[in-house]
Engineer: 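This structure is in structure tokens; I'll ask about it shortly.
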Amino acid sequence: MQTDKGMSADVVELRAALLGWYGENARDLPWRRTRDAYVVWVSEVMLQQTRVAAVVEYFGRFMREFPTLEALAEAEEERVLAQWSGLGYYRRARMMHKAARMIVAEFGGRMPETAAELRALPGVGEYTAAAVASISHGEAVPVVDGNVERVLLRLCGPQLAEAGGNGKPAVGALRTAAQRFLDSQRPGEFNQAMMELGATVCLPRNPQCGECPVRTHCSTQGEHETGPAKQMRSRQVAYVLMQRNWGPKTEVLLRRRGEDESQMPGMWELPAAPEGGLPDESVVLTVRHAITNTNYYVTIYELPWEEKRTLKAPRGSLQWVKLRELGEVPLTGLTRKVLKRTKILPGTAKGALA
DNA sequence: AACCCGTGGAA
DNA sequence: TTTCCAAGGGT
């Protein structure tokens with residue numbers, strides 16, 4: 001690692017340009033109003049592979065429900081999942097909840113402060129550990145996320161891009177480059193500035209080089225190839241929407257997914273339709289729902305509640321849920337979408353019943 | 001090391 | 001309409 005004393009004037013100028021730009025252009029995001037490690041941690045976990053716009057709303061509700069590490073640790077897992085419902089990657093919520101309980105049980109409720117200690121928590125990888133340590137405690141560790149990787153590859157050019165030998169950049173080389181650029185006096189701001197640049201200027205496609213504060217340091221001026229896309233698969237699936245009672249007492253029939261299922265374990269969804277299919281007259285909604293690289297073409301049948309006995313489901317996994325209680329149930333995103341579009345849940349109803 | 005896990009908005 | 005992909009981590 002180089003010291004600031006041996007640093008070239010070029011890197012010093014890059015830092016100043018980037019931090020200056022960040023000071024002027026940083027978005028006012030809720031989690032940037034504090035350096036509290038618990039708050040920063042929650043935001044970083046939510047932001048894993050998830051867009052800022054999607055996180056903002058969830059973050060506010062989550063922090064109201066679980067304002068402190070202790071509140072999170074004391075909560076039932078189902079309550080945590082219910083708050084996470086719709087955000088995706090539910091294992092993040094389970095691991096963060098487990099980590100909160102570990103911190104209370106093993107560290108007396110005191111959050112680990114260094115990146116190395118944070119790294120030991122479930123759900124905290126290299127990125128999240130560095131982000132929390134640098135933002136909350138000023139530790140001089142660089143973050144390398146998707147944004148930073150792209151920015152570094154463009155700044156440094158082919159020399160870094162081919163450092164892996166197999167046509168891919170080496171993880172170690174990326175980290176070394178990030179460490180070299182990092183402003184060790186303001187690591188939290190610098191790391192966020194790099195990510196902000198990648199998210200708003202140094203875009204994957206159509207990078208806005210004309211607005212880039214460090215374009216004079218950039219060896220590629222935006223050139224960067226993206227790899228081949230993964231092939232999307234398609235699957236047909238069908239569910240049943242069943243209600244009973246009317247008005248405030250209305251209930252919807254839901255099924256709890258098994259704890260051992262790889263996708264969305266323990267989450268609640270509409271029961272699957274019988275295999276033989278159902279008459280077309282029963283179709284109330286068709287939607288497409290994409291999960292990773294699979295397009296699910298979904299058919300929703302509405303049936304009278306008396307038909308419940310025709311459904312096959314593991315004993316005890318079916319349950320009538322009152323409308324008022326839906327907010328406390330960890331629904332899958334697809335089920336949430338269907339209930340909104342059929343106006344059973346409040347929200348936008350685009351594509352709903354004709 | 002490649003693959004899996006969710007979602008919705010942009011292009 | 002379909003595709004692409006975003007502040008990753010675990011296995």
Side-chain angles (χ1 to χ4, degrees), chain A residues 22 26-27 29-32 40-59 81 84-96 98-99 118-132 134-135 142-151 164 166 168 170-171 174 178 188 190-200 202-206 226-234 257 261-267 269 286-298 330-338 340-341 347-348 350-351:
Chain A
Y22 183 66
R27 290 167 291 180
L29 302 171
W31 46 88
R32 285 181 174 164
V40 173
W41 177 37
V42 171
S43 73
E44 291 298 343
V45 173
M46 285 190 168
L47 285 162
Q48 289 168 7
Q49 294 288 286
T50 308
R51 295 177 190 281
V52 166
V55 168
V56 169
E57 179 188 347
Y58 279 86
F59 175 81
L81 285 174
W84 208 273
S85 169
L87 195 55
Y89 288 130
Y90 299 100
R91 197 168 48 169
R92 293 182 295 177
R94 293 166 172 273
M95 289 188 295
M96 189 169 70
K98 181 189 284 186
L118 287 160
R119 182 70 179 77
L121 297 172
V124 177
E126 286 298 323
Y127 164 78
T128 304
V132 174
S134 63
I135 295 169
V143 299
V144 181
D145 72 333
N147 285 315
V148 174
E149 174 172 341
R150 182 174 60 256
V151 170
N166 54 359
K168 288 180 173 180
V171 175
L174 284 167
F190 183 89
N191 280 334
Q192 294 188 81
M194 287 286 280
M195 295 189 282
E196 191 87 346
L197 187 71
T200 63
C202 194
L203 304 169
R205 295 166 291 191
N206 308 112
T226 55
K230 280 162 284 184
Q231 183 72 28
M232 290 292 284
R233 294 180 303 174
S234 292
R257 297 175 63 87
E261 297 190 49
S262 64
Q263 284 190 136
M264 298 167 279
M267 304 285 289
E269 64 182 357
T286 60
V287 294
R288 184 177 62 86
H289 189 72
I291 294 181
T292 54
N293 65 336
T294 303
N295 279 321
Y296 291 89
Y297 292 90
V298 185
L331 303 173
T332 67
L334 172 56
T335 295
R336 183 172 294 283
K337 182 190 288 187
V338 169
K340 278 183 181 176
R341 293 198 183 180
T348 54
K350 56 179 178 179

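Scope of the values below: all heavy atoms of this structure, side chains included, with no hydrogens, waters or symmetry mates. By convention in this document, chain letters (A, B, ...) are assigned in the order of the sequence lines, proteins followed by strands, and residues within each chain are numbered from 1.
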Engineer: Could you tell me if A/Q48 and A/Y127 have a donor-acceptor pair between their side chains, going purely by distance under 3.5 Å?
Structural biologist: no
Engineer: Can you tell me how far C1' of B/dC3 sits from CE of A/M232, to the nearest Å?
Structural biologist: 16 Å
Engineer: Atom CZ of A/R205 and atom C1' of C/dT3: how far apart are they, to the nearest Å?
Structural biologist: 9 Å
Engineer: Send over the distance from A/R336 CZ to B/dG8 C1', rounded to a whole Å.
Structural biologist: 14 Å
Engineer: Rounded to whole Å, how long is the line connecting atom CZ of A/R119 with atom P of C/dG8?
Structural biologist: 15 Å
Engineer: Give one of base, sugar-phosphate or nothing for A/L29, where a contact means two heavy atoms less than 4.0 Å apart.
Structural biologist: base
Engineer: So what does A/V124 touch, heavy atoms closer than 4.0 Å: a base, only the sugar-phosphate, or nothing?
Structural biologist: sugar-phosphate
Engineer: Would you indicate what A/W84 reaches in the nucleic acid, counting non-hydrogen atoms under 4.0 angstrom: base, sugar-phosphate, or nothing?
Structural biologist: nothing
Engineer: I'd like to check the side chain to side chain donor-acceptor pair (under 3.5 Å) partners of A/E269; sequence neighbours left out, ordered by chain and number.
Structural biologist: A/R255, A/R257
Engineer: Could you tell me how far apart A/M96 (CE) and C/dG8 (P) are, to the nearest whole angstrom?
Structural biologist: 16 Å
Engineer: If you measure from the P atom in C/dG9 to the same atom in B/dG8, how many Å do you get, rounded?
Structural biologist: 23 Å
Engineer: Over how many whole Å does the gap from A/K98 atom NZ to C/dG10 atom P extend?
Structural biologist: 10 Å
Engineer: Tell me what A/R94 touches on the nucleic acid: a base, only sugar-phosphate, or nothing, going by heavy atoms under 4.0 Å.
Structural biologist: nothing
Engineer: Check for me whether the distance between the ring centres of A/Y58 and A/W84 falls short of 6.0 Å.
Structural biologist: no
Engineer: Partners of A/R94 by side chain to side chain donor-acceptor pair (under 3.5 Å), sequence neighbours excluded?
Structural biologist: A/E77
Engineer: For a quick check of understanding: with a heavy-atom distance under 4.0 Å over all strands, which category does A/Q192 fall into, base, sugar-phosphate or nothing?
Structural biologist: nothing
Engineer: Using the side chain to side chain donor-acceptor pair (under 3.5 Å) criterion, which residues pair with A/N295? Sequence neighbours excluded.
Structural biologist: A/R288
Engineer: Base, sugar-phosphate, or nothing: which does A/R27 touch, judged by heavy atoms less than 4.0 Å apart?
Structural biologist: base
Engineer: How long is the line joining CD of A/E126 and C1' of C/dG8, in whole Å?
Structural biologist: 11 Å
Engineer: What is the distance from CG of A/L121 to C1' of C/dG9, rounded to the nearest Å?
Structural biologist: 13 Å
Engineer: Of all residues at least two apart in sequence or in a different chain, which pass the ring pair (Phe, Tyr, Trp, His ring centres under 6.0 Å) check with A/Y22?
Structural biologist: none
Engineer: I'd like a list of close polar pairs between nucleotides 4-6 of chain B and the protein, N/O only, cut-off under 3.5 Å.
Structural biologist:
residue, atom, partner, partner atom, Å
B/dC5, OP1, A/S262, OG, 3.3
B/dG6, OP1, A/Y90, N, 2.9
B/dG6, OP2, A/M264, N, 2.9
B/dG6, O4', A/Y89, N, 3.1
B/dG6, N7, A/Y89, OH, 3.4
B/dG6, O6, A/Y89, OH, 2.5
B/dG6, N1, A/Q49, O, 3.1
B/dG6, N2, A/Q49, O, 3.3
B/dG6, N2, A/T50, OG1, 3.2

Engineer: Side chain to side chain donor-acceptor pair (under 3.5 Å) with A/R27: which residues, sequence neighbours excluded?
Structural biologist: A/E196
Engineer: For C/dT3, take OP1 and OP2 only and decide whether either is under 4.0 Å from a side-chain N or O of A/N295.
Structural biologist: yes
Engineer: Would you indicate what A/S43 reaches in the nucleic acid, counting non-hydrogen atoms under 4.0 angstrom: base, sugar-phosphate, or nothing?
Structural biologist: nothing
